[in-house]
Protein chains: 2
Amino acid sequence: MEEQIKKKAARGSICDCKDCVLRELMFIHVPSSGSKYVCKSKVEIKFNKGENIISSGDEIKNMLCIKDGLIKIYNISKNNKEQIISIAKPYDFSYLINIFSNNYYKYNISAIEDSTICFISIDNIKKMVLENGSFAISLLNKLSVASDKIINNFLEINKRNLRGRVAYILLFFSKEIYKSSVFILPVSRKEIAELIDMTTENVIRIMSEFRIEDIIRIHTKEIEIKDFKRLEIIMEKG
Amino acid sequence: MEEQIKKKAARGSICDCKDCVLRELMFIHVPSSGSKYVCKSKVEIKFNKGENIISSGDEIKNMLCIKDGLIKIYNISKNNKEQIISIAKPYDFSYLINIFSNNYYKYNISAIEDSTICFISIDNIKKMVLENGSFAISLLNKLSVASDKIINNFLEINKRNLRGRVAYILLFFSKEIYKSSVFILPVSRKEIAELIDMTTENVIRIMSEFRIEDIIRIHTKEIEIKDFKRLEIIMEKG
DNA sequence: AACAGTTTGTGATACTTATCATAAAACAAA
DNA sequence: TTTGTTTTATGATAAGTATCACAAACTGTT
């Protein structure tokens, strides 16, 4: 990854991303001088679906901001089981989690759709924080929102039975990610299992149940939610 | 709670807590002027074991720092089930989680031992962040560490079976909290269940198993870990 | 088009965990 | 001390979930 960054850094990309969270963090608070550090060091890199972005143990040099696509942040435990911590979408800061608490990435990140990721040097972020209090407040807010989401997600998953979990995650993709009743699942059934803490077989089985109950339509990766009301009831009551 | 703060604020307590995290945040970076906001608004309040400190829905006006004792942060879900998110000990900032992302507390906090809590007005924390970049960096670090711990904890719990979870939590109390092989459990079996996501009966049952297997000694709330090695193996392998 | 490899899908079964019932012990209050 | 209430404890059983086995469908490659 590091080499990729250096290679592409030469291009000298400029801060032109519409609605960029960084823009919001900086330009609102620092209309005149603010962008100097961040724009200078910002690099955009495209990753193909499935490509690795960050590996556990890598040195933390950059903050990541997702311009487009979809990524997953996941842990690999000793017995090689993967636990997906979060799926992050455009304009999420992923991996704010331990950027300020650690020198090395603790978890892994990979693209689950073709994605464009914006890398901003941590050193420059720190300089900005030191020089600009409003930026610091905004950053505290983003960090807070990001961890809050993850913690809330764990609580939501843990209190549900398997049917409730599958309903929860299907509604998550439909409402939060694709904003449509029809969508292409960006992850395998195995990855869904890793995200909601159950086995692959049971994810498949329960999705089949929903299909038989005429709640969803399944065409391999293509899912259509046909009955939101019932799926929501299952999400709430299991 | 609000009335208590006002009542005690009159006393004008001073920043004299040894090893206080706030001291570390402030005085290292701001040797001369730094304490003005925080010390002025800081209030210490004692809570008895079992007392409520923060309720979900309360307006966020203060940051909490635990001077001594032990507290739990927990969520109450719709069906009135409680999920304990974290147990915080002296010099932890509890509830950093959504101080910067929300105007209202999302979770509940109560004392699980007699505790002294330091309240610092959020407004003054924000003033400090705006005026002092090093303080901001330190705060980002503390927030990052706090959420990181919680997220890591969820991952650790979720990947274990019930015996592994009980082993994990007993070792947590012994090593992290009391730093002793003998300790008095500050929580009921029901609360342990809420912390590691299982039923009260199974917590009791598995603790009995450990007793029968001569791994621990139980005298109601008093626990002695007699065989760390075996308990650690159970924690790792279930 | 054919092949190998992976993912999806389904059933049978074993294992884990929750629920229900009931009793003993601990605790709090009169 | 007695009484009532909560917590701890144990067993039996039911429900939920994982594991194993195997087939079908899909994917990428030659």
Side-chain angles (χ1 to χ4, degrees), chain A residues 48-51 72 77 79-84 112-114 157-170 184-213 215-224 234 237-238, chain B residues 48-51 77 79-84 112 157-170 184-213 216-224 234 237-238:
Chain A
N48 295 324
K49 180 175 176 130
E51 255 191 291
K72 66 169 179 179
S77 66
N79 50 349
N80 264 346
K81 289 235 167 176
E82 301 190 1
Q83 299 171 285
I84 298 181
I112 56 176
E113 284 182 353
D114 293 350
I157 295 296
N158 281 349
K159 72 183 175 202
R160 291 180 160 80
N161 68 6
L162 299 196
R163 277 172 67 90
R165 288 180 196 186
V166 175
Y168 176 83
I169 207 66
L170 290 175
I184 309 292
L185 269 181
V187 289
S188 67
R189 312 291 197 261
K190 180 164 169 287
E191 287 172 300
I192 292 178
E194 288 162 1
L195 184 53
I196 59 182
D197 199 26
M198 51 191 280
T199 57
T200 310
E201 292 95 322
N202 277 332
V203 170
I204 293 167
R205 209 187 304 278
I206 287 165
M207 281 176 60
S208 294
E209 283 175 23
F210 290 172
R211 177 176 46 71
I212 291 161
E213 294 165 25
I215 295 168
I216 63 174
R217 184 176 57 76
I218 304 177
H219 191 266
T220 325
K221 296 272 190 192
E222 186 186 319
I223 305 290
E224 178 190 1
I234 291 167
K237 306 194 175 166
Chain B
N48 294 324
K49 181 177 175 129
E51 252 190 293
S77 65
N79 51 350
N80 264 345
K81 289 231 168 177
E82 302 191 1
Q83 299 171 284
I84 298 180
I112 57 176
I157 295 296
N158 281 349
K159 72 183 176 205
R160 291 179 160 81
N161 67 8
L162 299 196
R163 276 172 67 91
R165 290 181 195 186
V166 174
Y168 176 83
I169 207 66
L170 290 176
I184 309 291
L185 270 181
V187 290
S188 67
R189 311 293 197 259
K190 180 162 171 285
E191 287 172 300
I192 292 179
E194 288 161 359
L195 185 53
I196 59 183
D197 198 25
M198 50 191 281
T199 57
T200 310
E201 292 95 322
N202 278 332
V203 170
I204 293 166
R205 207 185 308 276
I206 287 166
M207 281 175 61
S208 295
E209 283 175 24
F210 290 170
R211 177 176 45 71
I212 290 161
E213 294 164 25
I216 63 173
R217 184 175 56 75
I218 303 177
H219 190 267
T220 325
K221 297 273 188 190
E222 186 184 319
I223 306 290
E224 178 188 4
I234 292 167
K237 306 194 175 168

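Within every chain, numbering begins at 1; the chains are lettered A, B, ... in the order of the sequence lines, protein sequences first and strands thereafter.
Look at E222(B) and R217(B) and you find a salt bridge, because one of the NZ, NE, NH1 or NH2 atoms lies within 4.0 Å of a carboxylate O, short of that distance.
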Subject >> E194(A) and K190(A): CA distance, side-chain angles, deciding distance, salt bridge (charged side-chain N to carboxylate O under 4.0 Å, His left out) verdict >> reply: CA-CA 6 Å; E194(A) 288 162 1; K190(A) 180 164 169 287; 3.2 Å; yes
**OP:** Report the C-alpha separation of I206(A) and M198(A) in whole Å, then their side-chain angles, then the decisive distance to 0.1 Å, and conclude whether the side chain to side chain contact (heavy atoms under 4.5 Å, CB included) test is met.
**Re:** CA-CA 11 Å; I206(A) 287 165; M198(A) 51 191 280; 3.9 Å; yes
**OP:** In sequence, state the C-alpha distance, the side-chain angles, and the governing distance for L195(A) and I169(A), and then conclude on side chain to side chain contact (heavy atoms under 4.5 Å, CB included).
**Re:** CA-CA 9 Å; L195(A) 184 53; I169(A) 207 66; 3.4 Å; yes
**OP:** Please test M207(B) against L185(B) for side chain to side chain contact (heavy atoms under 4.5 Å, CB included), starting from the C-alpha separation and ending with a verdict.
**Re:** CA-CA 12 Å; M207(B) 281 175 61; L185(B) 270 181; 4.2 Å; yes
Subject >> Protein proximity profile, nucleotides 10-25 of chain C - base contact B, sugar-phosphate-only contact S, no contact -, cut-off 4.0 Å on heavy atoms >> reply: BBB----SBBB-----
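Here dT7(D) presents its P atom at 11 Å from CD of E194(B), a figure rounded to the nearest Å. In this structure, K190(A) places its NZ atom 14 Å from C1' of dT8(C), rounding to the nearest Å. For K49(B) and dT6(D), the NZ to C1' distance is 14 Å, given to the nearest whole Å. Between M207(B) atom CE and dT7(D) atom P there is a gap of 15 Å when expressed in whole angstrom units. The distance between atom CD1 of I218(A) and atom P of dC26(D), rounded to the nearest whole Å, is 12 Å. The separation between I216(B) atom CD1 and dA9(D) atom C1' is 13 Å, rounded to whole Å. One interatomic measurement links the two molecules: CG of N79(A) to C1' of dA18(D), which rounds to 15 Å at whole-angstrom precision. Following rounding to the nearest Å, H219(A) (NE2) and dA25(D) (P) show an atom-to-atom distance of 11 Å.
For K49(A) against P186(A), the heavy-atom pair with the smallest separation is NZ-O, 3.3 Å.
Here K221(A) reaches the OP1 or OP2 of dT8(C): one of its side-chain N or O atoms lies under 4.0 Å away. Contact annotation: R189(B) side-chain N/O to dT7(D) OP1/OP2 distance is not under 4.0 Å.
Put simply, CG on D197(B) and CG on N158(B) are 7.0 Å apart, with the number rounded to the nearest 0.5 Å. Distance check, rounded to the nearest 0.5 Å: CD of E213(B) to CD1 of I234(B) gives 5.5 Å.
For NZ of K237(A), the number of neighbouring non-hydrogen atoms (other residues, nucleotides, ligands) closer than 6.0 Å is 12 at most.
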Show me the protein contacts with nucleotides 28-30 of chain D, counting only N or O atoms at under 3.5 Å.
none

